[in-house]
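Down below is the structure, laid out as structure tokens.
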Amino acid sequence: MSGNEAVARAVWDAGTRVAAAYPGTPATEILEYLSLYPDLYAEWSVNEKVSLEVAIGASLAGARGFCAMKHVGLNVAADALMTQTLAGVVGGLVIAVADDVGFSSSQNEQDSRYWGRFAHLPVLEPADSQEAYEMTRAAFALSEQYNTPVLLRLTTRVCHVKCLVSVGERQVVRAADQFTKDPGRWVMVPANAKRHVPEMLARDKALAAAVETSPLNRLEAGSNPRLGFVTSGPAYMHVREAFPDAPVLKLGFSHPVPMGLVRQLADQVEALVVVEETEPLMETEIKAAGIAAHGKDILPAAGELPPHILRRGLAALLGQQPVAADVGQRPALEVFPRPPTMCVACPHLGVYYTLSQLRNVNISGDIGCYTLGAGHPWNALDTCISMGASMGIALGLDKGRGPGDENKKVVAVIGDSTFLHMGMQGLLDIAYNRGNVTVLLLDNRAVGMTGGQENPGSGRDIYGQPAPRVDFAKLVEALGIDKERIHMVDPYQLPVLFKTLREETKRPGPSVIITDRPCVLIDHYQKQQPYEVDEAACTGCGNCVEVGCPAIHVTRRDKAIKPSGKEVDLAFVKIETAACTGCDLCVQTCAPKAIRHAVPTFPVSIN
């Protein structure tokens, strides 16, 4: 199992009744796997805050509740988290948060272990899939024993790397018959909330004692006392590989830090090294407790810490010459760069082709596969900060414009699921404050970036069953956009899209252009007859290349001199017909009409 699969199985085996999440790599698959299990309610929530609130509600009803998210998602859910840590739980409440150590698919590399300190929560850190299974089950028991939510901190490596996992039987958990009304506990007005602070502080002390004897933490002896390591999560695997003879304090229950065990290890070794991904949280706390230790003074503060990085970082401490690479390690191969791009016939291609043709415009982007519009050949995004930020950034670009931007248009680009996640409030703000902003709302009926999951705009739930589908035109009108400034456009119709965008950016006030084409990777999409290039008719103008479709390949480049004397670059192309879906975008850009429907070819039969 992968770590995500193991967590899902453990959630089910723990007798959990309710699970919720918003898709986000590297945690997405947890809920996808959970939806396959019987006797458990699973949902794609509209955002991470709502997913946590659903899990909290299940816990208050007496059932075990679970939610999952990537690291930046916990920022969204923090409001509910920071209060629930005071109120506590009834049924076990576990929050799986997956940190993207190494920036595989995220805009930052934040360390979610901070939330354990900030919210006074126990933090469990599995090192592999087997521990992901075991610690998830342990987390529910810990939650109920200490009346607290529990944070299960995963990383990309744990989520996606597979190993053999031994699983147990599903636990029968008897939940309460009904929600017990207790306003003094559940209505968190200031007078009630402050009464729970002493309980939280007492729990901190109890957890600090519990970590010293927890079976999730272990002190492993080693034959070489030169160095001793305190480590957690997948970094433990790297330490064990790089320094197999060293004593190691392996922390699965990593917060609070078991200082008694740390001191015990420190007394056995010449030098103590804290190996943690990514922030020096344990290192800082260990040093604050008066224990000498090395950490980020010799190890990188970002990214994973594989064996060769550890050996290189600790070479000086061991009196060795640092080496550029491990002995026997293969030299890195020079690979032809392959930047990420959109899919063949992606409905966003026409949007960014059109935006790339506009002049005198500032464009704020958002989080999703359409963020790729910032790249070649479109270069059609100027900002991308966080989920839903395109709305507020666009309004700020409008209201804060200087003299150099006085005549510039402001366009915001946002996807359908991102809009429902965190963009609606921003559009409401634009409407309320009369921002001079044109919003492109890209409806492709899927959470495309994470694999095409369902959302309230797709018309299906996590089980693939029919569900109410949001009417985006009615929704944006309800948020304050004038009906005549709302347009539904087929993004495959470039002239219509260009005309609508040009007209709306010229008019003052807010407007919304909704593009309506399904993602090419979901079953809503219908392929058309593919195209091919008539090589004899192709003039090398290269207009079709600017669409950015990966089915179009440049076969030959040349230069030509125009009658004006200007030298121009030529790009002669072919279309990978097997990949083409017949979207017609390239046809609309081809001046010499050299693109035509492909003639089907069949294998020649030999009699």
Side-chain angles (χ1 to χ4, degrees), residues 23-25 70 72 100 102-109 336-398 400-401 404-405 408-419 421-423 426-427 437-444 446-451 491 494 497-498 501-502 505 512-515 517 519-521 542-552 585 589:
T25 304
K70 68 183 295 178
V72 289
D100 191 14
F103 293 91
S104 296
S105 58
S106 306
Q107 67 269 38
N108 65 44
E109 195 190 33
F336 186 80
R338 185 178 181 271
T341 189
M342 296 181 206
C343 299
V344 172
C346 173
H348 305 331
L349 291 173
V351 171
Y352 284 116
Y353 174 80
T354 303
L355 286 172
S356 70
Q357 307 303 308
L358 291 181
R359 297 294 177 265
N360 212 28
V361 60
N362 291 326
I363 307 169
S364 62
D366 225 299
I367 302 296
C369 50
Y370 52 90
T371 310
L372 295 168
H376 183 79
W378 316 282
N379 304 311
L381 285 184
D382 299 313
T383 72
C384 181
I385 306 299
S386 63
M387 290 285 280
S390 59
M391 302 288 101
I393 296 292
L395 184 59
L397 287 171
D398 174 39
R401 67 175 75 216
D405 288 334
K408 286 190 177 179
K409 298 102 173 174
V410 178
V411 174
V413 184
I414 191 168
D416 51 350
S417 61
T418 308
F419 180 75
H421 175 283
M422 199 57 74
L427 182 61
V437 175
T438 298
V439 175
L440 275 165
L441 202 173
L442 313 182
D443 179 12
N444 66 353
V447 189
M449 189 178 189
T450 51
L494 293 181
L497 179 60
F498 186 83
L501 189 56
R502 184 174 57 185
T505 53
V512 175
I513 301 170
I514 304 166
T515 63
R517 274 279 181 175
C519 171
V520 297
L521 300 181
N543 289 344
C544 59
V545 178
E546 299 303 312
V547 173
C549 179
I552 299 174
L585 286 171
T589 67

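Of the residues listed (Leu440, Leu441, Thr438), the one engaging Val512 in a side chain to side chain contact (heavy atoms under 4.5 Å, CB included) is Leu441, and it is the only one. Exactly one of Leu442, Thr505, Leu501, Val411 qualifies for a side chain to side chain contact (heavy atoms under 4.5 Å, CB included) with Ile513. That residue is Leu501.
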(request) Report the C-alpha separation of Asp443 and Phe419 in whole Å, then their side-chain angles, then the decisive distance to 0.1 Å, and conclude whether the side chain to side chain contact (heavy atoms under 4.5 Å, CB included) test is met. (result) CA-CA 9 Å; Asp443 179 12; Phe419 180 75; over 6 Å; no
(message) Please evaluate residues Leu397 and Asp405 with respect to the criterion side chain to side chain contact (heavy atoms under 4.5 Å, CB included), reporting the C-alpha separation (whole Å), side-chain torsions for both, the decisive distance (0.1 Å), and the verdict.
(response) CA-CA 9 Å; Leu397 287 171; Asp405 288 334; 5.9 Å; no
(message) Please determine whether side chain to side chain contact (heavy atoms under 4.5 Å, CB included) holds for the pair Asp100 and Thr25, giving the CA-CA distance in whole Å, both sets of side-chain angles, and the decisive distance to 0.1 Å.
(response) CA-CA 8 Å; Asp100 191 14; Thr25 304; over 6 Å; no
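Between Leu355 and Val413, some side-chain heavy-atom pair lies under the 4.5 Å cut-off. In this structure, the side chains of Val72 and Ser106 stay at 4.5 Å or more apart for every pair of heavy atoms. Annotation: side chain of Leu585 is not in contact with side chain of Tyr353 (no heavy-atom distance under 4.5 Å). Annotation: side chain of Ile414 is in contact with side chain of Val439 (closest heavy-atom distance under 4.5 Å). The side-chain heavy atoms of His348 and Trp378, taken from C-beta on, include no pair separated by under 4.5 Å.
A distance of 13.0 Å separates SG of Cys519 from CE of Met449, quoted to the nearest 0.5 Å. Atom SG of residue Cys384 and atom CD1 of residue Ile393 lie 10.0 Å apart, to the nearest 0.5 angstrom. To the nearest 0.5 Å, the span separating NZ on Lys409 from CZ on Arg359 amounts to 11.0 Å. Note that CG of Asp416 and CG of Asn444 are 5.0 Å apart. Values are rounded to the nearest 0.5 Å.
In terms of modelled atom types and a separation under 3.5 Å, the side chain of Arg401 and the main chain of Lys408 share a donor-acceptor contact.
Closest heavy-atom contact between Ala345 and Cys549: N-SG, 3.9 Å. Considering every non-hydrogen atom in both Thr341 and Gly548, the closest pair reads OG1-O, 4.0 Å. Nearest approach of Leu358 to Phe498, heavy atoms of both residues: CD2-CE1, 3.9 Å. Residues Gly350 and Leu497 share a closest heavy-atom pair of O-CD2, 3.6 Å. Minimum interatomic distance between Pro550 and Met342 (heavy atoms only, all atoms of both residues): CG-O, 3.2 Å. Taking all atoms of both residues into account, the shortest heavy-atom contact from Ser105 to Lys70 is O-NZ, 3.1 Å.
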Using residues 361-376 as the side-chain source, report each donor-acceptor pair under 3.5 Å to any protein atom, sequence neighbours left out, with the distance given to one decimal.
| unit_1 | atom_1 | unit_2 | atom_2 | d |
| --- | --- | --- | --- | --- |
| Ser364 | OG | Ser390 | O | 2.9 |
| Asp366 | OD1 | Gly388 | N | 2.7 |
| Asp366 | OD2 | Gly388 | N | 3.4 |
| Asp366 | OD2 | Ala389 | N | 3.4 |
| Asp366 | OD2 | Ser390 | N | 3.0 |
| Asp366 | OD2 | Ser390 | OG | 2.5 |
| Tyr370 | OH | Ile367 | O | 2.9 |
| Tyr370 | OH | Gly415 | N | 3.0 |
| Tyr370 | OH | Thr418 | OG1 | 3.0 |
| Thr371 | OG1 | Asp366 | O | 2.6 |
| Thr371 | OG1 | Gly368 | N | 3.1 |
| Thr371 | OG1 | Gly368 | O | 2.7 |

